[in-house]
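Below is one structure; the comments refer to it alone.
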Amino acid sequence: MRVLGIETSCDETGLAIYDSERGLLGHVLHSQARLHADYGGVVPELASRDHVRRLVPLLARLLEQTGLDLAAVDAVAYTAGPGLQGALLTGAAFGRALAWARGIPAVAVHHMEGHLLAPMLEDPAPDFPFVALLVSGGHSLIVDVEGVGRYRRLGESLDDAAGEAFDKTAQLLELGYPGGPAVARLAEQGRPDRFDFPRPMLDRPGLDMSFSGLKTHVLLTVQREWADGDEATRADIARAFEEAVVDVLVEKCRRALAETGRRRLVVAGGVGANRRLRARLAEMAAARGAQVYYPRIEFCTDNGAMIALAGALRLADAEPGQAIRARARWTLDSLEPPGAAR
Ligand code: KG4
Ligand code: ZN
């Protein structure tokens, strides 16, 4: 089965075709980052309008890239949530219309399930069961995964997501939007021992996290210590911030592995691209005899390939007909294994 995946939940328009026997056949992506840069964050209405403009040309490019005709597609998978409602509706309506016109089924995919399964696009792919750390701009979650749709939430951020903290820190340090990669780059030049930022909720048992206090700490340090043009201090703040976030994420993952007895850790979502996080997780896992799995960097952030893959694994949930599913809020652990809902 060849599945066309469509991702439009936020500010990336992504399409891909996944073949359940041959793997990923091709993918295309358009990032709206520049469109939203002046506003310091994603403007939902602008995001929706841009998805509408991009979807058809991107599909044409994908078909050209893969040398396939639309008739070669057996099913459509679209991101149905969580995300920006208007943005979701563009991909959902587009995907459903395509499926309906071609008389093929469509699968409504959970965006975070896409992230969680993305490392399975790689070789070697992780086997079930595993612990997953999902760290994106909208979510920070630790999940125990026994199989597709068999998810148990172990912990999550009680306030800001890790990526959101990176983005807000970038804003305070005047690094623009989206800020995660810029903070990470700057942090490489910073000294680790100049500032000591708090490690929220590390002193407490459990796997929940919190990052909003850290943001306040960045704000106060910026106000107290940083003057325009002082590049060294700016880098030191970025480094201290990154160290604190990474410390929290690594320790929570260590506890999750210890608690569940799992030997595999899957890391996905935009913050999973962070190099310091990767290095520190590798050390922690090696010490426990565990293995860490990531998607390739370009599939850490939003993309169509992970949605096509999740759709291929969920063909049992494919719907014929006309239903257009879009849910701004949708918890991951409310999902069931493929086919269970029928
Ligand atoms: O998964 P994603 O593309 O979108 C959501 O579903 O939210 O994640 C985007 C987030 C942004 O907050 C961005 O700043 C962050 O991932 N990010 C990073 C890095 N690359 C992207 N954060 C830290 N270090 C990075 N290298
Ligand atoms: Zn995402």
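Excluded from the calculations below are hydrogen atoms, water molecules and symmetry mates; all remaining heavy atoms, backbone and side chain alike, are included. From a predicted model like this one, the values you see are computed outputs, not experimental measurements. Counting convention: from 1, in listed order, for ligands and their atoms alike.
Residue, atom and distance of the protein heavy atom nearest to atom 24 (N) of ligand 1 are N274 ND2, 3.0 Å. Residue, atom and distance of the protein heavy atom nearest to atom 10 (C) of ligand 1 are G137 N, 3.5 Å.
Ligand 1 has at least one atom lying under 4.0 Å from a heavy atom of P181.
Within the model, atoms CZ of F130 and CG of L257 stand 12.5 Å from one another, a figure rounded to the nearest 0.5 Å.
Note: an N/O pair closer than 3.5 Å links G270 and ligand 1 by distance alone. At under 3.5 Å, a nitrogen or oxygen of D167, whether backbone or side chain, sits near a nitrogen or oxygen of ligand 1. Considering backbone and side-chain N/O of G180, one or more are found under 3.5 Å from N/O of ligand 1. Residue contacts with ligand 1: G179 is placed with no nitrogen or oxygen under 3.5 Å of a nitrogen or oxygen of the ligand (distance criterion only). Among the atoms of A184, none of the N or O lies under 3.5 angstrom from an N or O of ligand 1.
Atoms of ligand 1 found under 4.0 Å from any heavy atom of G138 (numbered from 1 in listed order, with element): 7 (O). Near G163, meaning under 4.0 Å from one of its heavy atoms, ligand 1 places the atoms 12 (O). Near H111, meaning under 4.0 Å from one of its heavy atoms, ligand 1 places the atoms 6 (O). Close approach of ligand 1 to H115 (heavy-atom distance below 4.0 Å) involves ligand atoms 1 (O), 6 (O). Ligand 1 places these atoms under 4.0 Å from at least one heavy atom of D302: 1 (O), 2 (P), 3 (O), 4 (O), 5 (C), 6 (O).
H111 contributes atom NE2 as its closest N/O/S atom to the Zn ion (ligand 2). The name of the N, O or S atom in D302 nearest to the Zn ion (ligand 2) is OD1.
A cation-pi arrangement is found for R278 relative to Y294, the charged atom lying closer than 6.0 Å to the ring centre and inside a 45° cone about the ring normal.
For H139, every N, O or S atom stays at 2.8 Å or more from the Zn ion (ligand 2). Among the atoms of C10, no N, O or S atom falls under 2.8 Å of the Zn ion (ligand 2).
R263 places no side-chain N or O within donor-acceptor distance of the main-chain N or O of Q291, the cut-off being under 3.5 Å. Judged by distance alone, the side chain of E188 and the main-chain N or O of G190 form no donor-acceptor pair under 3.5 Å. Side chain of N303 to main chain of G14: no donor-acceptor pair is present (N/O by atom type, distance under 3.5 Å, no hydrogens or angles). Although no hydrogens or angles enter the test, the distance criterion places a donor-acceptor pair under 3.5 Å between the side chain of Q85 and the main chain of A328. For the pair D317 (side chain) and G339 (backbone), a donor-acceptor distance under 3.5 Å is present. Proximity of a side-chain donor or acceptor of S334 to a complementary backbone N or O of W330 within less than 3.5 Å is not detected.
No hydrogens or angles considered: nothing links the side chains of T13 and H30 as a donor-acceptor pair under 3.5 Å. Looking at T260 and D144, their side chains never bring a donor and an acceptor atom within 3.5 Å of each other. For the 3.5 Å distance criterion, the side chains of T331 and R153 fail to qualify, holding no donor opposite an acceptor.
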